[in-house]
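Step one of this worksheet: look at the structure below.
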Amino acid sequence: MNIIENIAGEICKIILPINEEIFFGNSKSSISICTLSSLKLLKEISNSSLMLQVAVVGRLLSENKGIDSLIKYIISKKTIKTILICGKDTMGHRPGHSLVKLYENGVDSRGRIINSSSPDPVLAIPKSDIEIFRTQITIINKIGETNISEIRQTIDSLKT
């Protein structure tokens with residue numbers, strides 16, 4: 001990112017602060033849920049019995065720093081094996097799309113997510129961490145799904 005983008009990002013943080021919210025559930029679960037930009041869905045899940053079935057639920061709002069943070073968290077929690085991506089993808093940035101493309105294709109030599117159509121899908125974390133992440137987890141792509149009953153059915157189908 002260039003200096004103008006960095007300045008614009010800092011101004012956005014002041015004018016329109018976005019809370020980074022994450023909710024913890026069953027620490028023995030191998031399932032996590034990413035609700036992308038859907039705050040209402042995040043709150044609905046965090047206040048439901050689904051929390052007994054999932055380790056963590058949180059949002060993802062950017063195709064670079066957000067994914068970097070998600071990867072760092074997931075590889076620090078070896079028990080998490082599945083990420084269910086649901087909710088509305090952030091317009092413009094499309095972090096859900098980038099996360100799916102990262103899982104499918106990895107990154108190039110510059111850290112850019114291969115085949116991502118997001119504006120700046122360049123990750124700063126080491127490629128070795130990205131590869132650990134890609135082999136540790138399975139992504140279930142339900143981008144656009146905001147119905148908690150449908151999400152519950154998907155989670156129930158993962159139980160063995």
Point-to-point distance, once rounded to the nearest 0.5 Å, from [atom1] of [X] to [atom2] of [Y]:
X: L84; Y: I33; atom1: CG; atom2: CD1; result: 5.5 Å
X: T146; Y: L41; atom1: OG1; atom2: CG; result: 6.5 Å
X: I148; Y: S49; atom1: CD1; atom2: OG; result: 7.5 Å
X: I85; Y: N141; atom1: CD1; atom2: CG; result: 6.0 Å
X: L123; Y: S69; atom1: CG; atom2: OG; result: 10.5 Å
X: I71; Y: R134; atom1: CD1; atom2: CZ; result: 10.0 Å

[X] to [Y] - nearest heavy-atom pair and separation:
X: I67; Y: L99; answer: CD1-N, 3.8 Å
X: S38; Y: G87; answer: OG-CA, 3.3 Å
X: T90; Y: L60; answer: OG1-O, 4.0 Å
X: K72; Y: I125; answer: CE-CG2, 3.3 Å
X: N64; Y: V122; answer: CB-O, 3.3 Å

Tell me if a side-chain donor or acceptor on [X] pairs with a main-chain N or O of [Y] at a distance below 3.5 Å.
X: E44; Y: N147; answer: no
X: S98; Y: P95; answer: no
X: N115; Y: K101; answer: no
X: E21; Y: F23; answer: no
X: S29; Y: Q53; answer: yes
X: H97; Y: S117; answer: yes
X: S32; Y: V56; answer: no

Just wondering, do [Y] and [X] contact through their side chains at under 4.5 Å, heavy atoms?
X: S37; Y: R59; answer: no
X: L102; Y: F133; answer: yes
X: T35; Y: C86; answer: yes
X: S118; Y: H93; answer: no
X: Q136; Y: K78; answer: yes
X: L42; Y: L39; answer: yes
X: V57; Y: M51; answer: yes

Tell me whether K88 at atom NZ has more than 12 heavy atoms from other residues, nucleotides or ligands lying less than 6.0 Å away.
no
After noting the C-alpha distance and the side-chain angles of R152 and L50, does the key distance pass the side-chain contact (heavy atoms from CB on, under 4.5 Å) rule?
CA-CA 7 Å; R152 183 180 307 280; L50 270 176; 3.7 Å; yes
So if you build clusters from Ile, Leu, Val, Met, Phe, Trp, Tyr with side-chain heavy-atom gaps below 4.5 Å, do I137 and F24 land together?
yes
Check for me, please, whether I22 and I75 land in the same ILVMFWY cluster - side-chain distances under 4.5 Å, paths through other members count.
yes
Go through the steps for E63 and D120 under the test side-chain contact (heavy atoms from CB on, under 4.5 Å), then give the verdict.
CA-CA 7 Å; E63 75 277 23; D120 191 28; 3.6 Å; yes
